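What follows is one structure encoded as structure tokens, with my remarks underneath.
Naming convention: chains lettered A, B, ... in sequence-line order (proteins, then strands); numbering from 1 in each chain. This one's a predicted model, so the numbers in the text were calculated from it and none came from an experiment.
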Number of protein chains: 2
Amino acid sequence: MPSGITIKDVAREAGCGVATVSRVLNDSGPASAETRKRVLDAAARLKFSFSDVGRSLQSRQTRAIGCLVPSLVNPVFAEAVQELQACALERGFHVLLMCSNYDPALEAEAMRILLAKRVDGMILTLSAASDCAELATVQDRNIPACMMYNTPVPGVPSAFVDNRSAARDVAGEFARAGHRRVGFLALRFGSSDRARERYEGFLEGCRAMGMDDPVLVEVDEAIRFEDVNLQRLLSGDRALTGLFASNDYLALSVISAVHDLGLTVPGDVSVVGFDGIAIGRAFRPSLATIVTDAREMGRIAADTVIEMITTQDMPVPELSGLAYSFRRGESLGSPRGGRTDDGEVAASPTPSCHPKRNSTVPKEQQS
Amino acid sequence: MPSGITIKDVAREAGCGVATVSRVLNDSGPASAETRKRVLDAAARLKFSFSDVGRSLQSRQTRAIGCLVPSLVNPVFAEAVQELQACALERGFHVLLMCSNYDPALEAEAMRILLAKRVDGMILTLSAASDCAELATVQDRNIPACMMYNTPVPGVPSAFVDNRSAARDVAGEFARAGHRRVGFLALRFGSSDRARERYEGFLEGCRAMGMDDPVLVEVDEAIRFEDVNLQRLLSGDRALTGLFASNDYLALSVISAVHDLGLTVPGDVSVVGFDGIAIGRAFRPSLATIVTDAREMGRIAADTVIEMITTQDMPVPELSGLAYSFRRGESLGSPRGGRTDDGEVAASPTPSCHPKRNSTVPKEQQS
DNA sequence: CCTGTATGTGGAAACGTTTTCACACAGGTT
DNA sequence: AACCTGTGTGAAAACGTTTCCACATACAGG
């Protein structure tokens, strides 16, 4: 019996009709000073508070924004969600949260729940925006939506950074430090558009800099580096001298794993991350990474979706990619036997890199 | 126009009454094979999906669990929330999330929103459970609720650890390492029961070990150590040799600030945290801390509240405090001029540690 | 005295469900 | 022929709001 007491009880208590109660409590219509007082008193006496479910039914809006992210443990999403929640609250909306755990099936189920809940808008970070059936439904129904971290698809705006371009920059940084053989480390590579885009940009960048193609290292959610056999990747003739992790969380984990192996960063291997989470700066070695502004992502997404909700028939806004920047950090150094800048590397054959496959590669801002 | 299409449209399309549609789509009553098919077809053709708001109104339950935490950026809460969200989803509930930002006013507003939303249950981490007016309303209305991290109050169960006891243990660890003058570092001390309890336990512990009373160092949310003048606390005749931070997040920040000052941990000052967040292990120096299981907190809270929701007239369950353990870490060492392990300190009176007050102090595992 | 315009007020419909209830009709029994 | 007993079905009420509309009452101007 949640609350139990309804507007009718208040009306009875105050000796008037429900319409009057609604009017005075919402300040939405005329009422004599005397009635007003009676109603207010009655409501207070009964500790009445409106039920949003009745309200939502009649107003045909819930003032809820559905939010779906792959994880909260990754600080990037935690920050974004916290910020967008605060923004929403400020504007009288609240957030219905779902975590997909990077699982496409859960993702789909979460979207269906959000749809059933009749949220007024959605903020989504999807594994694969381009082929998400539920996202199509969202568009069908004209539900305002905005993505975060996903590259936008036609009809759905997104608060995002250009993953490819940023990853190319990272390749440049590795090259400048003298690396030639590096790896790309991804969590659940298969089910994350972001990881894939970062890999593709990294690959392009490596080729452009005359480095070897990066080795793709995939880890599962548990991040068990024993399985990956980090040791083997980092030793021997063709040892990797650098690792680009698809996010900071992973980067920090791999640094830790490297230490556990008795090796050092960046002595034995350099590590670069992606996201720019705060803790990376405090870490020793401090984490070299692409810095993005998670809170701004959240804020932009919230603003966008709320604006779409509140203004009718708005055209889908065009959000441009957000600024990012490379942060130097101690985790990126020169390889052991390496040249500092551009030594004999440039002199060697430098096999031309991208035989084909340079499809659509945007590269807007470069903050 | 969210979805727009309702059960009535389906009924019309299928040429039957709404009751029939409800029955076949919910599998909740008889229907001839032929009608069943017609309804199913119609629903599919129209892409119909039930509206939870209509449903909630009539069933008088929302299958929503309200969740209020002070922050998501602190990984402890992120993990707990992620876990409880997953648990809830498994049982057919979803989570309405709110962050209070450690702000009592926001906290109160968030609770009112949750109340208005008519959530079926609540999971709360409050700044001061004992005097929260809205919590009283929750109890009034018999809304199932469970706290997390808060010490339970009569009538409201909680998934918690015994902050006082754990903090006393930390004092013991400092003493064993040879410290005498230490500080306690808290974020918004005034508005967090947890920080206060940890301080009190620490104070008791320090006294019991014959150490000086710990110095209380309070920082605001922005964690600006310039304002705190860390330098002064750590130098001079009466310099602190150790700092106990009220949570790991803060501990990591202070280690970083100490480094920025050109000092070392634990050389110049030892640091111990509270919570046991994962990243603390990877940190250099690795963080000595009280390890708690955030996911278990979330899971227990979710299980508890869902059980209270699903079984009528259940007595308020008695949850015992969760296990915690001290994790040794490089961030706790002996003070500069200090004795290594138990030198002359142990030779001194060695006051028994927990004089009394060993009420319900579960202390099971000790990993 | 009749009409017109304010001003308060409450009844009732609508929002999208589920569920109760009654009804129709089939196929047995007596 | 009259009676049960199922089985399938739909009308209608209820859930808690808001809002539209109509109805009072009052008081002004003709």
Side-chain angles (χ1 to χ4, degrees), chain A residues 1-40 42-43 46-64 92 113 115-120 141, chain B residues 1-40 42-43 46-64 92 113 115-120 141:
Chain A
M1 54 204 69
S3 175
I5 91 113
T6 81
I7 195 176
K8 283 186 196 155
D9 301 310
V10 179
R12 184 161 2 90
E13 180 84 5
C16 66
V18 292
T20 304
V21 176
S22 175
R23 274 188 300 255
V24 351
L25 259 26
N26 290 310
D27 225 358
S28 63
S32 70
E34 212 253 331
T35 341
R36 171 165 256 99
K37 177 168 166 25
R38 283 211 323 278
V39 169
L40 256 16
L46 265 40
K47 296 194 210 301
F48 171 76
S49 95
F50 282 114
S51 159
D52 271 353
V53 14
R55 237 210 265 269
S56 293
L57 182 57
Q58 114 80 32
S59 69
R60 242 149 355 244
Q61 54 166 356
T62 54
R63 299 202 75 76
I113 293 180
L115 249 7
K117 278 284 157 189
R118 299 295 192 260
V119 293
D120 290 345
R141 298 199 188 165
Chain B
M1 55 203 68
S3 175
I5 92 115
T6 80
I7 195 175
K8 283 184 196 155
D9 301 310
V10 179
R12 184 159 2 93
E13 180 83 5
C16 66
V18 293
T20 305
V21 175
S22 175
R23 276 188 298 253
V24 352
L25 258 26
N26 291 310
D27 226 358
S28 61
S32 71
E34 212 254 332
T35 341
R36 172 166 254 100
K37 176 167 166 26
R38 282 211 322 276
V39 170
L40 256 16
L46 266 37
K47 294 193 211 300
F48 170 76
S49 96
F50 283 114
S51 159
D52 271 352
V53 13
R55 233 208 269 266
S56 293
L57 181 58
Q58 115 81 32
S59 68
R60 250 161 336 256
Q61 55 167 354
T62 55
R63 299 201 76 75
I113 293 181
L115 249 7
K117 277 285 157 187
R118 300 295 193 260
V119 293
D120 290 345
R141 299 200 189 165

Rounded distance in Å - [atom1] ([X]) to [atom2] ([N]):
X: A:Gln58; N: C:dG16; atom1: CD; atom2: P; result: 11 Å
X: A:Phe50; N: D:dC15; atom1: CZ; atom2: C1'; result: 16 Å
X: B:Lys8; N: D:dG10; atom1: NZ; atom2: P; result: 15 Å
X: B:Asn26; N: C:dG16; atom1: CG; atom2: P; result: 17 Å
X: B:Ile7; N: C:dT18; atom1: CD1; atom2: C1'; result: 8 Å
X: A:Phe48; N: D:dG16; atom1: CZ; atom2: P; result: 10 Å
X: B:Gln61; N: C:dT17; atom1: CD; atom2: C1'; result: 13 Å
X: A:Arg63; N: D:dT18; atom1: CZ; atom2: P; result: 13 Å

(message) side chain to side chain contact (heavy atoms under 4.5 Å, CB included), that's the test. Do B:Arg36 and B:Val39 meet it? Break it down for me.
(response) CA-CA 5 Å; B:Arg36 172 166 254 100; B:Val39 170; over 6 Å; no

(request) Taking only the side-chain heavy atoms of A:Cys16 (C-beta and beyond), determine which of C:dG10, C:dG16, C:dG8 contains the nearest atom. (result)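 The listed nucleotide nearest to A:Cys16's side chain is C:dG10.
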
(request) Go through C:dA12, C:dC15, D:dC15 for me and flag the one nearest to the A:Ala19 side chain. (result)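 Output: C:dA12.
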
(request) Return the 5'-most residue of the pair B:Thr20, A:Leu57 with respect to DNA chain C, ranking by each residue's nearest nucleotide. (result)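 Between the two, 5'-proximity favours A:Leu57.
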
Contact class for [X] (heavy atom, under 4.0 Å): base, sugar-phosphate, or nothing?
X: B:Gly17; result: sugar-phosphate
X: A:Asp52; result: nothing
X: B:Ala31; result: sugar-phosphate

(message) Whether the side chain of B:Arg23 and the base of D:dG10 hold a donor-acceptor pair under 3.5 Å is what I'd like checked.
(response)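 Such a pair is found, so the answer is yes.
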
(request) Would you give the length of the straight line joining atom CG of B:Asp52 to atom OG1 of A:Thr62, rounded to the nearest 0.5 angstrom? (result)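 Rounded to the nearest 0.5 Å, the CG-OG1 separation comes out at 11.0 Å.
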
Side-chain N or O of [X] versus OP1/OP2 of [N]: is the shortest distance under 4.0 Å?
X: A:Ser32; N: C:dT9; answer: yes
X: B:Arg55; N: C:dT18; answer: yes
X: A:Thr35; N: C:dT9; answer: yes
X: A:Ser22; N: D:dT18; answer: yes

(message) Heavy-atom nearest nucleotide on DNA chain D for A:Ser59 versus B:Glu34: which residue maps closer to 5'?
(response)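 With A:Ser59 and B:Glu34 compared, the 5'-side residue is B:Glu34.
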
(request) Would you please test B:Arg12 and B:Val21 for side chain to side chain contact (heavy atoms under 4.5 Å, CB included) and show each step? (result) CA-CA 10 Å; B:Arg12 184 159 2 93; B:Val21 175; over 6 Å; no

(message) B:Ser22 vs B:Ile7, test: side chain to side chain contact (heavy atoms under 4.5 Å, CB included). Steps then yes/no.
(response) CA-CA 8 Å; B:Ser22 175; B:Ile7 195 175; 3.9 Å; yes

(request) Could you tell me whether a side-chain N or O of B:Arg118 sits under 3.5 Å from a main-chain N or O of B:Leu115, the two making a donor and an acceptor? (result)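 A pair under 3.5 Å: yes.
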
